[in-house]
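These notes are about the structure you will find just below.
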Amino acid sequence: MHCTQKITNDLTWVGANDRRLAMFEGVYSVPTGVSYNSYLLMDEKTVLFDTVDKAVTTRFLENVAHALDGRNLDYLVVQHMEPDHSAGLQELVATYPNVKIICNAKTLAFIHQFLEVDIDAQVVTEQDTLNTGRHNLHFVMAPMVHWPEVMVTYDATDKILFSADAFGTFGALNGALFADEVNFNRDYMDEARRYYANIVGKYGPQVQALLKKASALEIKLVCPLHGFVWRSHFSDILSKYLLWSSYQPEEKGVMIAYASVYGNTENAAEILAYRLREKGIKTVMFDVSVTHASEIIAAAFKWSHFVFASTTYNAGIFIAMEEFLSDLVAHNIQNRTVALIENGSWAATSGSLMRKEMEKCKNMRIIEQVVSLKSSLKKEQLKELDAMADAIATDFPSPLSATTAEKTAVAEIDRNTMFKISYGLFVLTAKEGQKDNGCIINTVTQITDNPLKIAVTVNKANHTHDMITKTGEFNISTLDESTTFSIFEQFGFHSGRDTDKFVNCDYDNRTANGIRYLPNHTNSIISARVCNTHDYDTHTIFIADVTQAVMLSEKPSVTYQYYFDKIKPKPQLPQDSAKKGFVCKICGYVYEGDTLPSDYICPLCKHGASDFEAM
Ligand code: FEO
């Protein structure tokens with residue numbers, strides 16, 4: 001019996017689920033199954049987007065027939081020729097012999113490589129469109145997301161992106177077709193990460209190229225070939241794709257993967273994990289002989305630091321670790337810090353060999369000191385593990401100054417910080433790679449208490465905005481009434497694109513996320529990680545989970561009114577009193593002239609004409 005679901009008035013999901021598959025593509029376990037999505041558009045012409053895997057073709061054909069409701073099938077758009085989406089093509093053509101196949105030239109070649117089938121094909125490029133009556137379909141090439149022939153389709157009429165493998169996830173659909181029908185971030189993000197890292201993790205630049213093309217489109221619905229349809233909260237997954245495709249970690253913390261024959265290498269790895277936790281550093285651990293590589297590769301895309309611990313085996317790396325590292329390198333992992341523990345009862349080689357593997361990756365910082373065990377960890381070697389923990393911890397700077405740190409546990413969340421939020425002024429700081437930056441903002445709001453979330457609105461012209469978009473993390477320093485105008489000059493009147501706003505600072509205070517904060521003129525610090533974004537043309541609202549929140553003083557927060565009354569210098573009137581002018585209410589800059597152009601931008605603080613007043 002058919003099992004379909006309406007998406008819009010004229011678009012229907014006609015895919016199917018497989019919960020019996022053990023290993024997707026023969027490599028990736030899918031304990032919660034997998035969905036093969038196919039979509040039927042009913043217009044003056046009927047259009048099917050892709051078919052399904054052979055395991056579910058019978059149900060799929062029932063679904064297509066039901067959704068067509070007696071009509072013929074005019075077009076099949078083949079976006080991806082991998083057999084999990086094309087195995088049903090042959091039977092579909094046999095059922096609907098007049099169907100015209102829309103595909104690109106490479107796809108056409110693949111069709112004939114995989115199948116013995118006579119087809120009527122129309123080859124398209126990015127310059128082509130297909131009008132089906134009310135709908136206009138555009139084709140966007142997306143090579144290597146995940147195969148070279150991949151293209152996606154944009155329905156310009158209803159603003160739908162048929163995204164092929166992009167934005168998919170492992171896991172069968174269990175009655176819910178839309179991502180907003182489930183708690184995606186809690187229940188499905190791990191599988192979305194595992195899907196991304198393993199399927200297209202190697203092809204970050206190609207994914208970024210597709211994201212760039214997609215950013216030019218107005219998108220209301222995203223229909224991938226696996227997993228949920230996105231009709232809202234698309235930024236939940238988009239923000240992750242921006243991180244994953246640029247090989248930036250999602251979280252600061254240490255992923256420890258070990259291979260241990262008799263438990264001695266594991267013992268050293270575990271002791272290190274405890275030492276790191278004592279320093280407030282998050283850790284996760286995997287035994288590479290037990291946990292499938294696809295799980296560990298997904299974790300590698302999440303965490304910022306790796307520790308690999310392996311015994312020596314046949315004068316090499318223990319086989320399970322060797323295979324895992326080879327797989328990880330093949331997935332193009334980059335921008336991480338790595339520490340190594342080796343073991344060898346008579347000739348330890350695994351440390352140097354693991355180093356060689358990691359040196360194949362771009363921008364990996366490998367901690368020089370390898371902890372080398374001879375059969376088992378000895379008491380005198382504990383200090384070597386301490387030294388390794390210390391070396392890793394240098395990337396996790398002390399969250400607060402010493403005196404405050406003594407009173408405050410790392411990553412503590414003090415909810416009193418929420419009471420310091422006013423319609424006031426804040427320094428928003430971010431860190432991208434080695435670059436620190438910050439800007440002045442005036443809109444921070446607490447959204448929910450449990451879980452604790454805040455919203456921050458940032459002008460897209462700010463470099464800090466772009467850094468947060470890429471890294472997903474930021475700090476808020478809530479300014480107090482002791483703030484001097486120099487703070488606004490430092491963070492508000494220059495662009496971080498061409499200046500180092502911290503160049504003359506005599507402090508380098510950072511929270512647990514490694515991002516700087518202002519220790520002076522600040523009554524509280526909030527660290528947050530972006531979980532959602534909303535685009536409002538000139539500004540982005542970042543919704544973020546609070547990851548750390550610390551009170552520094554009980555001084556009152558500076559309000560906007562206080563700033564205008566007490567901090568902002570009074571405007572210097574032109575010497576010639578006959579001259580007319582306008583003063584920027586934000587920074588005090590004076591524009592001399594009879595009229596202020598409506599599109600005038602303050603050269604100091606970049607606020608627009610609406611923030612000027614006549615003198
Ligand atoms: Fe879902 Fe690349 O196939």
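When a ligand or atom number is given, it counts from 1 through the structure's own listing order. Predicted, not measured: the structure shown is a model, and the values here were computed from it. Side chains are part of it too, since the values below use all heavy atoms of this structure and drop only hydrogens, waters and symmetry mates.
- Put simply, the side chain of K54 never gets that close to the backbone of T57: no donor and acceptor are under 3.5 Å apart.
- Side-chain atoms of D53 do not come within 3.5 Å of backbone N or O of V56 as any donor-acceptor pair.
- Annotation: cation-pi pair R231/F178 present, NZ/CZ under 6.0 Å from the ring centroid and within 45° of its normal.
- Ordered by chain and number, D84 OD2, H85 NE2, D165 OD1, H226 NE2 make up the set of protein N, O or S atoms under 2.8 Å of atom 1 (Fe) of ligand 1.
- Using a 30° and 60° split on the angle between ring planes, F184 and F228 fall in the perpendicular class, above 60°.
- Judged as a side-chain hydrogen bond (donor to acceptor under 3.5 Å, both in side chains), and not counting sequence neighbours, the contacts of D158 are R134.
- Note: F474 and F542 have tilted aromatic rings, judged against thresholds of 30 and 60 degrees for the angle between ring planes.
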